[in-house]
Amino acid sequence: MYNDIHIALDALMQRKNQTYGIDHFRKLLKSMGNPQDQLQTIHIGGTNGKGSTTNYTRSILQEAGFRVGTFTSPHLIVHNDRIRINNVPIADDIFLNYINQTYPLWDEHHLSMFEIDMLISILYFLDEGVDYVIYEVGLGGRLDATNVINPEICAITNIGLDHQGILGDTITAIAHEKAGIIKEGVQLVTTIQDREALDVMINTVHDHHGKLKQLCIPRYKRVDKSYFFEHENVTYTLTNQGSYQVGNAALAASIVRFIIPELAADVFQRGVRLASWAGRFEEILPNVYVDGAHNEMGIERLVQSAEILPRPHVAVFAALKDKEYENMVHQLTEAFDTVIVTEFDFFRAARAQELAENQNVQTMTPYTQAIDTALENQGTGSIIVTGSLYFISEAREYLIKKVNE
């Protein structure tokens, strides 16, 4: 039993995967009467944009008057952020109670941190009587702990080459893993444009006797830092959110339209307009942004979004060593005026010298100095701090302290 939430979270976050697959987790839930089946759920996967799509979906449903649970990862600020109701993280005392309640199961069922979080979320959302729960896939889909749910609808944003050591080294292989969330007779809605990946989805949906709706990402008009687009006969406005969010917002709207077809247009418009997602093209200081573009597809979309910002453009970048960071850095150097590579204290982080090898970049450590140098030389230009979400979490906190100085 734990009396302190910080000690409890330290113990929780040390839990590693001990068993490959999710059969052991399914077995535990079955012994508990499959509580997850009592929730009305939405399942969202994909390589990029699944967290943002989750947030837009939550915001629209919340504007419609529903109590909405969300389960997302990784957290950007505190661990509690992973489990929210109407965008409010689970409180420390409540989280501590669920940790103590589930603690006897941890070793008995070989539970990892992510599985414990998932279990706690199910119990919490049930106890709170939420109307809907949106589960963001953690990694892949087929063997992800969130794949124990039986959703009303599932969505897949896109398929890119990421986590290749785990999911496979081809688009087809990764698409098969992501398609593992498709359930019997359940609707899939997707913004996948890649033909190879889409074919996997079509075949999987067919095998599961479901239906597939593919969305074309809407064309948008840009005025200053706002984007205007039309989707399913509703006109939307996104302000200062990154052009890549147009597709995520449209996908979220289609998810909600499937569940509640009679919902008024103004509810969709407010939900999209009011949604904000920390760490995704988030402006912390004037023309100073943080964005968790942690793979090649994310960097490509970040570069597109940065077109609205005043030049010169400066990127401060750090990445994990298991990512294709060479290509990511190259993309940044091609599009930005200056790229500063740095590093942060994390066992999976790449060293700045590794990021800089054979690249036209500046190298600067620690990351606080890299950010300070960029700020001192900003002038009338723009700064984007980007890369690993773990790095963004630390850099964002540092920048917010600057705001409050």
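We number each residue from 1, following the sequence as shown. Note that the structure is a prediction, hence the values are computed from the model and not measured.
Around the CG atom of Asn404, the shell of radius 6.0 Å holds more than 12 heavy atoms that belong to other residues, nucleotides or ligands. Enclosure of atom CZ in Phe228 by more than 12 non-hydrogen atoms of other residues, nucleotides or ligands within 6.0 angstrom is indicated. For Asp266, the CG atom counts as densely surrounded, since its 6.0 Å shell holds more than 12 non-hydrogen atoms of other residues, nucleotides or ligands.
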Which atom pairs, one a donor and one an acceptor, fall under 3.5 Å between side chains of residues 84-94 and the rest of the protein, sequence neighbours left out?
from, atom 1, to, atom 2, distance (Å)
Arg84, NE, Asp81, O, 2.8
Arg84, NH1, Asn87, OD1, 3.0
Asn86, OD1, Val68, N, 2.8
Asp92, OD1, Asn80, ND2, 2.9

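In this structure, Phe336 and Val314 have side chains that are not in contact, with every pair of non-hydrogen atoms separated by 4.5 Å or more. Side-chain atoms of Val267 and Val256, non-hydrogen and from C-beta on, never get closer than 4.5 Å to each other. Under the 4.5 Å side-chain criterion, counting only non-hydrogen atoms from C-beta, Met113 is in contact with Asp117. Using a 4.5 Å heavy-atom cutoff, the side chains of Tyr289 and Leu309 are in contact. A heavy-atom distance below 4.5 Å is not found between the side chains of Asn147 and Val137. In this structure the side chain of Leu238 reaches within 4.5 angstrom of the side chain of Phe229, judged on heavy atoms.
Counting only N and O atoms by type, the side chains of Lys178 and Asn158 include no donor and acceptor under 3.5 Å apart. Between Ser243 and Ser305, the side chains place a donor N or O and an acceptor N or O closer than 3.5 Å (distance only, hydrogens not considered). Under the 3.5 Å distance criterion, with hydrogens and angles disregarded, a donor-acceptor pair is assigned to the side chains of Thr239 and Ser226. The closest side-chain donor-acceptor pair between Glu232 and Ser254 falls under 3.5 angstrom. Using modelled atom types and a 3.5 Å distance limit, the side chains of Asp372 and Tyr398 yield a donor-acceptor pair. Between His24 and Glu115, the side chains place a donor N or O and an acceptor N or O closer than 3.5 Å (distance only, hydrogens not considered).
A distance of 6.0 Å separates CD1 in Ile174 from OG1 in Thr47, rounded to the nearest 0.5 Å. To the nearest 0.5 Å, atom CD of residue Glu177 and atom CZ of residue Arg142 are 4.0 Å apart. In this structure, the separation between NE2 on His176 and CG on Leu167 is 13.0 Å, given to the nearest 0.5 Å. To the nearest 0.5 angstrom, Asp144 atom CG is 3.5 Å from Thr146 atom OG1. Remark: Leu111 CG to Leu105 CG distance equals 6.5 Å, nearest 0.5 Å. Distance CD/Glu108 to CG/Leu28: 8.0 Å, rounded to 0.5 Å.
Side-chain N or O atoms of Glu397 include none that pairs as donor or acceptor with a backbone N or O of Ile77 at under 3.5 Å. In this structure a side-chain-to-backbone donor-acceptor pair under 3.5 Å is present from Arg67 to Glu128. Judged by distance alone, with hydrogens and angles left aside, the side-chain atoms of Arg257 form a donor-acceptor pair with the main-chain N or O of Leu263 at under 3.5 Å. Using modelled atom types, no side-chain atom of Arg301 and backbone atom of Asn48 make a donor-acceptor pair closer than 3.5 Å. Not a single donor-acceptor pair under 3.5 Å links the side chain of Ser393 to the backbone N or O of Leu389. The closest donor-acceptor contact from the side chain of His208 to the backbone of Thr204 lies under 3.5 Å. Gln269 contributes no side-chain N or O that, together with a main-chain N or O of Thr237, makes up a donor-acceptor pair within less than 3.5 Å. Within the 3.5 Å criterion, the main-chain N or O of Ile134 finds no donor-acceptor partner in the side chain of Thr70. Checked by atom type and distance alone, the side chain of Gln241 never pairs as donor or acceptor with a backbone atom of Tyr227 at under 3.5 Å. Looking at Gln359, its side chain does come within 3.5 Å of a backbone N or O of Glu326 through a donor-acceptor pair.
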Exercise for the section: Step by step, work out the side chain to side chain donor-acceptor pair (under 3.5 Å) result for Gln245 and Ser52. Expected result: CA-CA 7 Å; Gln245 297 290 27; Ser52 295; 3.0 Å; yes
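Lys321 and Glu354 are not joined by a salt bridge, as no carboxylate oxygen comes within less than 4.0 angstrom of a charged side-chain nitrogen. Salt-bridge check for Arg195 with Asp199: passed, with a basic side-chain N closer than 4.0 Å to an acidic carboxylate O. A salt bridge between Glu283 and Lys225 is present, with a side-chain N of the basic residue lying under 4.0 Å from a carboxylate O of the acidic one.
Closest heavy-atom contact between Ile255 and Ile153: CG2-CG2, 3.9 Å. Nearest heavy-atom pair across Ala250 and Leu215 is O-CD1, 3.9 Å. Nearest heavy-atom pair, Val385 versus Ala395, reported as atom, atom and distance to 0.1 Å: CG1-CB, 3.7 Å. Listed here is the closest heavy atom pair of Cys154 and Val186: N-CG1, 4.0 Å. Nearest approach of Ile192 to Ile156, heavy atoms of both residues: CD1-CG2, 3.8 Å. In this structure, Thr190 and Thr157 approach most closely via the heavy-atom pair OG1-O, 4.3 Å.
Paired with Ile42 under the rule side-chain contact (heavy atoms from CB on, under 4.5 Å), one option of Thr53, Val133, Ile149, Leu61 passes, and it is Leu61. Checked against Trp277 for a side-chain contact (heavy atoms from CB on, under 4.5 Å), the options Asn248, Leu76, Asn55 give a single hit: Asn55.
Contacts classified as ring pair (Phe, Tyr, Trp, His ring centres under 6.0 Å) and involving residues 37-78 (residues at least two apart or in different chains) are given here: Phe66-Tyr132, Phe71-Phe114, Phe71-Tyr135, His75-His79.
If you look at Phe391 and Phe344, their ring centroids are closer than 6.0 Å.
A search for salt bridge (Lys or Arg N to Asp or Glu O under 4.0 Å) contacts involving Asp4 returns nothing, not counting sequence neighbours.
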